[in-house]
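Just so it is clear: chains get the letters A, B, ... in the order the sequence lines come, proteins before strands, and each one is counted from 1. These numbers come from the heavy atoms of this one structure, side chains and all, not from hydrogens, waters or symmetry mates. Predicted, not measured: the structure shown is a model, and the values here were computed from it.
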Amino acid sequence: MIEQILINTIHKAIKELYGQEIPCNIAQVQKTREEFEGDYTIVVFPLLKTSKKGVEQTAEELGKYMVANLIEVTGYNIIKGFLNLSISNVYWLDFFNENVGKSNFGSHNQKDTDPVVVEFSSPNTNKPLHLGHIRNNLIGWSVAEILNNNGQKVARVNLVNDRGIHICKSMVAWQKWGNNNNPENSNIKGDRLVGDYYVLFDKKNKEEITSLMADGFTKDEASNSTSLMLESKQMLKDWEDGIEEVRELWKKMNNWVYKGMDATYARMGISFDKVYYESETYLLGKKLVEEGLRSGVFFQKDDGSVWCDLSEDGLDEKLLIRADGTSVYMTQDIGTAQLRYDDYHPSELIYVVGNEQNYHFDVLKLILKKLGKSWADHIRHLNYGMVELPFGKMKSREGTVVDADDLIDEMYLTAKKTSEELGKFDDFSNDEATELFNMLSMGALKYFILKVDPKKTMVFNPVESIDFNGNTGPFIQYTHARIRSIIRKSNQLKINYNLKFNIDYKFERKEISLLKLLHNYPEITKQAAYSHSPALIANYAYELAKEYNQYYHEVVILKEVDENKRNFRILLSEFTGNNIKSSMALLGIQVPERM
RNA sequence: GGUCCAGUAGCUCAGUUGGAUAGAGCAGCAGCCUUCUAAGCUGCGGGUCACAGGUUCGAGUCCUGUCUGGAUCACCA
């Protein structure tokens with residue numbers, strides 16, 4: 001890479017000119033800003049202490065040295081302590097020739113290491129997926145793609161939270177008021193049907209609390225002693241005791257949910273290498289907790305509940321097993337972590353879970369360490385920010401949750417309507433049109449979410465539907481379709497553009513900008529992997545598409561009379577198109593040949 | 001109250017290990033389709049980077065304090 005060559009040469013220059021070594025972080029090379037002449041810029045200020053000369057003179061001496069010692073550097077200019085270097089056309093041309101046909105440009109070689117396990121999605125089986133899950137799924141999937149592209153083996157795993165008090169609530173409500181409704185006879189998607197009973201439970205339970213409080217109970221007393229809550233708790237106990245009737249009901253309702261969720265996953269284009277179920281891991285968790293209790297890592301209170309004392313670590317006591325013997329979230333997470341370690345021996349264990357659970361993961365890591373699990377250090381909580389609505393957080397009780405299926409439906413209709421208004425899919429068959437609308441609607445949704453830094457809270461306005469113009473997925477998809485159109489035409493015209501073009505090719509301004517962006521791609525993919533950030537890829541893809549559209553308007557491609565120029569432009573277009581396609585693939589977004 | 005995270009244009013977001021005059025898109029206004037896809041391109045307006053100090057050649061970026069918003073501190077997950 002040219003940046004590294006420049007940095008190394010600066011070090012050599014300083015040594016030869018001023019007879020001193022400088023620390024490795026002092027020499028800074030950055031891209032020259034658009035408004036100045038040159039390609040890369042050396043900031044001279046930090047070097048003055050070493051050179052013991054004025055800014056201008058130091059810059060001048062360095063500039064001369066760079067030109068004299070690097071064939072890649074053809075010239076320089078100095079503005080206010082910034083040394084701008086111009087890179088030779090030959091360098092860009094060599095880069096182009098070497099990489100233009102590579103199908104794996106921007107991906108990195110497979111390293112022989114243990115796999116990275118990426119856990120994401122992690123739904124509960126008591127309600128359908130919503131917008132928050134969508135962000136989780138998209139980030140998880142994309143990060144897995146990015147790591148894989150970076151040469152790491154990746155296992156995508158899902159942990160389904162299929163047991164617990166919340167599931168029992170849906171079950172209790174269905175038993176009481178379900179009238180034997182099921183997805184078939186009610187024609188309601190299974191995950192939604194179960195979710196409806198969860199909401200119903202909450203409603204009825206609230207009514208009961210209100211009436212208890214009217215009878216003089218405090219709010220806490222009332223919340224803990226409603227008949228509905230007691231029934232749910234009993235059901236959880238029965239479930240853990242393996243009462244067959246309860247298990248049957250549980251299986252039945254969970255299967256409704258799975259079928260519904262699978263449909264949603266399929267629409268999002270998401271799948272897993274392995275699915276873990278809490279119902280299958282919590283016992284291992286319990287076992288580990290009991291071992292910890294025996295070895296004195298944990299302690300038991302008089303009521304029988306088991307705790308971990310984290311006060312030495314500046315945290316509170318943490319409950320691990322309830323007084324009635326049932327397990328909590330933390331219990332099963334300990335088991336799942338162990339199971340996953342046994343299954344994969346991962347080099348890194350990434351949990352894609354919202355930042356509201358930061359505390360939970362701090363505690364999980366601490367507890368695992370206390371249990372003597374050295375691999376606890378391999379756990380990394382990829383904590384992403386909440387998705388908020390313009391008027392605040394989504395709240396299921398207030399009916400402001402944006403349902404995943406509804407949102408996807410809406411996006412599809414918007415894609416269809418927009419396409420119809422533009423009226424350019426007349427020769428598409430029904431199947432082709434459907435495929436295109438799916439691609440565009442999911443592209444718009446995925447890009448909208450992934451372009452935002454995962455760490456940050458983001459705002460989604462369900463009233464203004466997601467845009468299809470500007471900094472959007474469809475804009476990038478459109479650019480790809482445009483490029484493919486040129487390639488198709490060049491094939492029709494039987495242009496053999498894979499010819500050698502002359503080395504003295506004189507680049508257009510925008511051609512250099514495009515080459516620089518393309519040149520930067522491998523570095524971007526590395527950074528994205530290192531920082532687990534799809535947003536870097538999304539922003540890159542947008543920059544590239546924008547640059548290409550400007551280029552497209554500035555120059556003619558197929559109608560260029562100079563064969564040499566024309567061939568280069570076609571190839572550059574194809575290179576750009578391939579790069580758009582592969583970067584979008586890292587986001588889990590497909591791009592169309594035509595739109 | 002303790003801990004953690006955030007605050008950049010009317011709105012949604014970028015802004016690399018501190019570097020030049022803080023950038024995009026949307027929304028608004030004005031232009032560009034007899035030429036390769038107008039889901040595009042060009043131009044205009046829009047900023048006390050929450051506030052106040054500090055560190056230094058240089059701070060949106062680092063440090064301290066204040067304000068505002070959010071998360072969390074459950075025998076929920």
> Just checking A:Q357: base, sugar-phosphate only, or nothing, at a heavy-atom cut-off of under 4.0 Å?
Replying inline: base
>> Please classify the nucleic acid contact of A:I557 as base, sugar-phosphate, or nothing, using heavy-atom distances under 4.0 Å.
In response: base
>> Expressed as a whole number of angstroms, how long is the span from A:E56:CD to B:rA20:P?
In response: 18 Å
> What is the nucleic acid contact for A:T41, judged by heavy atoms within less than 4.0 Å: base, sugar-phosphate only, or nothing?
Replying inline: base
> So, is the end of the A:R135 side chain (NZ or CZ) under 6.0 Å from the ring centre of A:Y384 and within 45° of the ring's axis?
Replying inline: no
> Could you state the NE2-P distance from A:H360 to B:rC73, rounded to the nearest angstrom?
Replying inline: 11 Å
>> Distance check needed: B:rC57 C1' versus A:F82 CZ, whole Å only.
In response: 11 Å
> Do A:S419 and B:rA39 share a donor-acceptor pair, side chain to base, under 3.5 Å?
Replying inline: yes
> What's the OH-C1' distance between A:Y447 and B:rA14, to the nearest Å?
Replying inline: 10 Å
> Using the rule for Phe, Tyr, His and the six-membered ring of Trp, do A:F36 and B:rA20 stack at under 5.5 Å and under 30°?
Replying inline: yes
> Which is true for A:V556 with a 4.0 Å heavy-atom rule: it touches a base, it touches only sugar-phosphate, or it touches nothing?
Replying inline: base
>> Syn or anti for B:rC11, given that syn means the glycosidic angle lies within 90° of 0?
In response: anti
>> Counting the atoms with a prime plus P, OP1 and OP2 as sugar-phosphate, which does A:Y552 contact under 4.0 Å by heavy atoms, base, sugar-phosphate, or nothing?
In response: base
>> I need the NZ-P distance between A:K546 and B:rC26, as an integer number of Å.
In response: 10 Å
>> Between B:rG40 and B:rG54, how many Å separate the two P atoms, rounded to a whole number?
In response: 47 Å
> Hey, is the side chain of A:K80 poking within less than 4.0 Å of OP1 or OP2 on B:rU21, counting only N and O atoms?
Replying inline: yes
> Just by distance, do the side chain of A:K286 and the backbone of A:G325 share a donor-acceptor pair under 3.5 Å?
Replying inline: yes
>> I'd like the C1' distance from B:rG53 over to B:rA9, given in whole Å.
In response: 26 Å
>> As a test of reading the structure: which of B:rC75, B:rU37, B:rC13 is closest to the side chain of A:S305, going by heavy atoms?
In response: B:rC75
>> For A:Y40, is there any backbone N or O sitting under 3.5 Å from a side-chain donor or acceptor partner on A:T32?
In response: yes
>> With rounding to the closest Å, how many angstrom separate the C1' atoms on B:rG19 and B:rA71?
In response: 35 Å
>> By the 4.0 Å heavy-atom rule, please label A:L422 as base, sugar-phosphate, or nothing.
In response: base
>> Within the 4.0 Å heavy-atom criterion, would you say A:Y329 contacts the bases, only the backbone, or no part of the nucleic acid?
In response: base
> For A:L536 and A:D467, take the nucleotide of RNA chain B holding the closest heavy atom to each; which residue's nucleotide lies nearer the 5' end?
Replying inline: A:L536
> Below 4.5 Å, heavy atoms only, C-beta onward: do A:V275 and A:V160 meet side chain to side chain?
Replying inline: yes
> So what does A:V555 hit on the nucleic acid, given a heavy-atom distance under 4.0 Å: a base, only sugar-phosphate, or nothing?
Replying inline: base
> Under 4.0 angstrom, heavy atoms only, what part of the nucleic acid is A:Q28 near: base, sugar-phosphate, or nothing?
Replying inline: base
>> For the backbone of A:K301 and the side chain of A:S305, can you confirm whether one donor and one acceptor N or O come within less than 3.5 Å of each other?
In response: no
> So A:E543 and A:N539, side-chain hydrogen bond (donor to acceptor under 3.5 Å, both in side chains) or not? Walk me through it.
Replying inline: CA-CA 6 Å; A:E543 282 299 319; A:N539 287 324; over 6 Å; no
> On a whole-Å scale, what distance lies between the C1' atoms belonging to B:rC57 and B:rG45?
Replying inline: 35 Å
> How close or far is atom C1' of B:rA71 from atom CG of A:D362, stated in whole angstroms?
Replying inline: 13 Å
> B:rA77 P sits how many Å from A:L364 CG, rounded?
Replying inline: 15 Å
> Could one point to a donor on the side chain of A:T457 or the base of B:rA71 with an acceptor on the other under 3.5 Å away?
Replying inline: no
> Reckon A:F475 touches a base, only the sugar-phosphate, or nothing at all at heavy-atom distances under 4.0 Å?
Replying inline: sugar-phosphate
> Using atom C1' of each nucleotide, how far apart are B:rG46 and B:rG65 to the nearest Å?
Replying inline: 32 Å
> Looking across every strand, which nucleic acid part, if any, lies under 4.0 Å from A:N84 by heavy atom: base, sugar-phosphate, or nothing?
Replying inline: base
>> If I pick the C1' atom on B:rG47 and the same atom on B:rA38, what distance separates them, to the nearest angstrom?
In response: 31 Å
>> Need one value for A:K455: base, sugar-phosphate or nothing, where a base atom within 4.0 Å counts as base even if backbone is also close, heavy atoms only.
In response: nothing
> Rounded to whole angstrom units, what separation is found between the CZ atom of A:F45 and the P atom of B:rA20?
Replying inline: 10 Å
>> Using a heavy-atom cut-off of 4.0 Å across all strands, would you classify A:M386 as base, sugar-phosphate, or nothing?
In response: nothing
> Taking A:H360 for the side chain and A:M330 for the main chain, is one N or O donor matched with an acceptor at less than 3.5 Å?
Replying inline: no
> When we call it a touch if two heavy atoms are under 4.0 Å apart, what does A:V43 touch: a base, just sugar-phosphate, or nothing?
Replying inline: base
